[in-house]
Every structure is written in structure tokens, then in C-alpha cells.
Amino acid sequence: MSVVRGGIQWLVEQDDWQHSVVFARGITPEELGLRMGGVPGSVVSPMTDAEAWNMVLDLATADDDVVRVGAHGGWSFAVEYGLGDGAQRLVDISRNGVEVVHLDPSVDHPPAMFSYARDGVDVCSFGIGEECWRWGVQRDFLLAELVAAGVLYSDGQYARPEDESYRDRDRHTLAIIETRFDLSLPRDVWESERLPAFVIA
């Protein structure tokens with residue numbers, strides 16, 4: 001299956017996908033960073049992926065995280081470094097009409113997670129590969145797309161082959177999310193572009 005390099009499916013191609021990413025539509029990247037708990041002026045110079053990771057390793061306490069923020073394809077985005085708590089902040093980030101998509105690799109406790117919040121409400125969340133278990137005020141928000149793509153049957157039960165590789169499985173669902181929300185974050189932007197950053201204390 002071909003991967004759209006400008007979308008988000010390439011995330012599953014990383015052997016070490018460790019960083020959560022928050023997409024927000026309706027606020028600037030700087031406002032997204034602040035809503036995530038960023039300390040204004042805490043990072044003076046824009047930084048690359050490697051520089052942000054090194055900064056986390058160099059911070060004095062394990063409680064300090066870093067986010068790099070930018071914009072692409074009509075969405076602001078924030079890449080989390082460290083433990084990250086974007087999932088806990090989604091409802092607050094989405095206040096006042098903002099849409100928020102959160103993708104978390106859940107390295108320590110698979111599967112990877114998808115969450116969508118809008119206007120201060122947790123709309124829909126599920127584990128990627130566990131789409132039959134969904135929650136939120138509109139738990140079936142993506143059900144039609146998941147059924148049409150052959151991920152779920154119409155009764156909500158899992159429809160993918162049991163022997164499918166986890167990468168193919170995850171890529172399939174990321175493609176649905178990518179298309180539904182028109183998400184795009186090129187890999188070179190994520191890794192190499194110098195982006196504004198904040199320390200999350």
C-alpha cells in the first residue's frame with residue numbers, strides 16, 4: 001500500500017514513533033502551544049525534532065516536557081516531547097469552537113490512540129486496532145468511514161484479517177482519519193524544519 005508522504009500515514013513507518021501530535025483547527029500554532037500549557041518565552045529559538053528531544057533529555061526534572069508548534073494544510077499542530085499530556089488537555093484546547101485531533105503512539109501501553117474533541121466536548125476516541133471499542137458523546141462519529149473502509153462491520157465488530165500486520169492495520173485507520181479531517185504533516189517538516197517551541201512545566 002502506498003503511503004502519502006504529505007499526509008499522516010508515514011507515522012506508522014517509523015520504527016520509533018514516540019511523539020504524540022495534536023492538530024487544532026481554529027487557533028494559531030502559538031495559541032495551541034499556550035493551551036497545551038506552554039510557558040511563554042521558555043524557548044528562545046525555533047528547533048528541529050532532534051534538538052527538541054535533546055532539550056527534554058537535558059531538562060532538570062522529568063516533569064518538564066517540550067512541544068514544537070507549526071501549521072500545515074489549514075491545521076495548527078503541536079508535536080509533544082517527553083511524557084506529554086495532550087490527551088488530558090483536549091477538551092480545554094478545543095474550547096470556543098476549536099476542533100482538535102490527537103494521535104498518541106502509546107509506546108508504553110499500546111495500541112496507538114485517536115481522539116477528537118470539538119468546542120469543549122470529547123466527541124470520539126478509540127484505540128487504533130481496537131476500533132470496535134469507542135467512546136465519547138458521539139462514539140459512532142467515524143463509524144460510517146470505518147465500515148466503508150472495511151475496518152468494522154456495520155454492527156461495529158472488527159472486520160480486518162486477524163493475521164494482518166500491525167503496521168498495515170494502523171496505516172489503514174490513519175488513512176481514514178487523514179481523509180476525514182484532511183490532515184497533512186510532511187515528515188520533513190516534523191523532523192527537520194525549525195519550529196517555535198514551548199516548555200510545558
Side-chain angles (χ1 to χ4, degrees), residues 6-9 11 17 19-47 49 52 55-56 63-106 112-128 131 133-146 173-186 189-190 193-201:
I8 59 172
Q9 297 172 54
L11 290 171
W17 179 21
H19 309 313
S20 300
V21 57
V22 177
F23 294 91
R25 184 158 56 188
I27 52 176
T28 64
E30 290 73 19
E31 176 64 18
L32 174 58
L34 295 175
R35 290 192 185 194
M36 291 183 68
V39 178
S42 54
V43 180
V44 177
S45 300
M47 56 180 54
D49 174 75
M55 183 176 185
V56 168
D63 294 329
D64 290 331
D65 298 328
V66 171
V67 294
R68 293 166 64 230
V69 298
H72 191 82
W75 290 81
S76 296
F77 66 83
V79 182
E80 299 183 273
Y81 299 82
L83 296 178
D85 65 351
Q88 286 69 49
R89 297 178 183 266
L90 286 194
V91 168
D92 184 57
I93 294 170
S94 71
R95 67 183 186 272
N96 300 327
V98 174
E99 287 186 273
V100 181
V101 172
H102 184 242
L103 297 172
D104 184 351
S106 301
M113 297 296 300
F114 157 81
S115 298
Y116 172 59
R118 181 181 62 223
D119 200 19
V121 175
D122 180 4
V123 177
C124 179
S125 299
F126 54 77
I128 297 175
E131 294 85 355
W133 295 302
R134 305 174 306 283
W135 59 94
V137 297
Q138 292 179 252
R139 62 182 299 272
D140 291 338
F141 183 76
L142 289 180
L143 180 59
E145 287 89 344
L146 292 167
T173 295
L174 281 180
I176 296 167
I177 296 167
E178 175 185 296
T179 300
R180 176 61 178 82
F181 296 101
D182 195 21
L183 296 177
S184 179
L185 179 51
V189 172
W190 173 300
E193 191 165 315
R194 293 187 177 278
L195 300 173
F198 297 86
V199 171
I200 310 295

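Side-chain contact between Thr173 and Glu131 is present, with heavy atoms from C-beta onward closer than 4.5 Å. When side chains are defined from C-beta on, Leu32 counts as touching Ile93, because their heavy atoms get closer than 4.5 Å. Within the 4.5 Å cutoff, side-chain heavy atoms of Ile177 are placed close to those of Leu183. With contacts defined as side-chain heavy-atom distances shorter than 4.5 Å, the pair Val199/Asp65 does not qualify. Considering only heavy atoms from C-beta on, Ile128 stays 4.5 Å or farther from Met113 through its side chain. Between Val22 and Val101 there is no side-chain heavy-atom pair separated by less than 4.5 Å. By the 4.5 Å heavy-atom criterion applied to side chains, Ser20 and Pro105 are counted as neighbours. Two residues are said to be in side-chain contact when any heavy atoms from C-beta on lie closer than 4.5 Å; Val79 and Val66 fail this criterion.
Distance check: Trp190 CH2 to His72 NE2 gives 13.5 Å after rounding to the nearest 0.5 Å. One distance of note links CH2 of Trp75 with CG of Leu185; it measures 12.5 Å at 0.5 Å rounding. The structure places CE of Met36 at 8.5 Å from CG of Leu90, a figure rounded to the nearest 0.5 Å.
The residues Asp92 and Arg89 are annotated as not salt-bridged, no charged nitrogen and carboxylate oxygen being separated by less than 4.0 angstrom.
Few gaps surround CH2 on Trp135; more than 12 heavy atoms of other groups in view lie less than 6.0 Å from it.
Between Ser106 and Asp104, the closest heavy-atom pair is N-OD1, 2.9 Å. Taking all atoms of both residues into account, the shortest heavy-atom contact from Leu34 to Pro40 is CD2-CG, 3.6 Å. The minimum heavy-atom distance between Ser42 and Val39, with the atom names listed, is OG-O, 2.6 Å. Closest non-hydrogen pair, Gly7 versus Glu178, comes out as CA-OE1, 3.3 Å. Across Val98 and Ala24, no two heavy atoms sit closer than the pair CG1-CB, 4.2 Å.
Of the possible donor and acceptor atoms, one in the side chain of Ser76 sits under 3.5 Å from a partner among the backbone N and O of Ile27. With hydrogens and angles ignored, the 3.5 Å screen pairs a side-chain donor or acceptor of Ser94 with a backbone N or O of Val91. A donor-acceptor pair under 3.5 Å is absent between the side-chain atoms of Arg68 and the main chain of Ala52, judged by distance alone.
Taking the six-membered ring where the residue is Trp, the centroids of Tyr81 and His19 are separated by under 6.0 Å. Checked against a 6.0 Å centroid threshold, the rings of Tyr116 and Phe141 count as neighbours.
With sequence neighbours excluded, no residue forms a salt bridge (charged side-chain N to carboxylate O under 4.0 Å, His left out) with Arg139. For the salt bridge (charged side-chain N to carboxylate O under 4.0 Å, His left out) test, residues two or more places apart in sequence or in another chain that qualify with Asp140 are Arg134.
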Quiz item: When you look at Leu142 and Phe126, which way does the side-chain contact (heavy atoms from CB on, under 4.5 Å) test go after all the steps?
Solution: CA-CA 10 Å; Leu142 289 180; Phe126 54 77; 4.1 Å; yes
Practice problem: Applying side-chain contact (heavy atoms from CB on, under 4.5 Å), run through Leu195 and Phe77 and close with a yes or a no. | Solution: CA-CA 11 Å; Leu195 300 173; Phe77 66 83; 3.8 Å; yes
Exercise. Apply side-chain contact (heavy atoms from CB on, under 4.5 Å) to the pair Leu146 and Ile176, showing each step before the final yes or no.
Key: CA-CA 7 Å; Leu146 292 167; Ile176 296 167; 3.8 Å; yes
Quiz item: Hey, mind stepping through Arg95 and Arg118 against side-chain contact (heavy atoms from CB on, under 4.5 Å) and telling me if it holds?
Solution: CA-CA 7 Å; Arg95 67 183 186 272; Arg118 181 181 62 223; over 6 Å; no
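At a cut-off of 3.5 Å, with distance as the only test, a side-chain donor of His102 or Glu80 sits close to an acceptor on the other residue.
For residues 21-30, every residue pair satisfying the side chain to side chain donor-acceptor pair (under 3.5 Å) rule, not counting sequence neighbours, is listed here: Arg25-Glu99.
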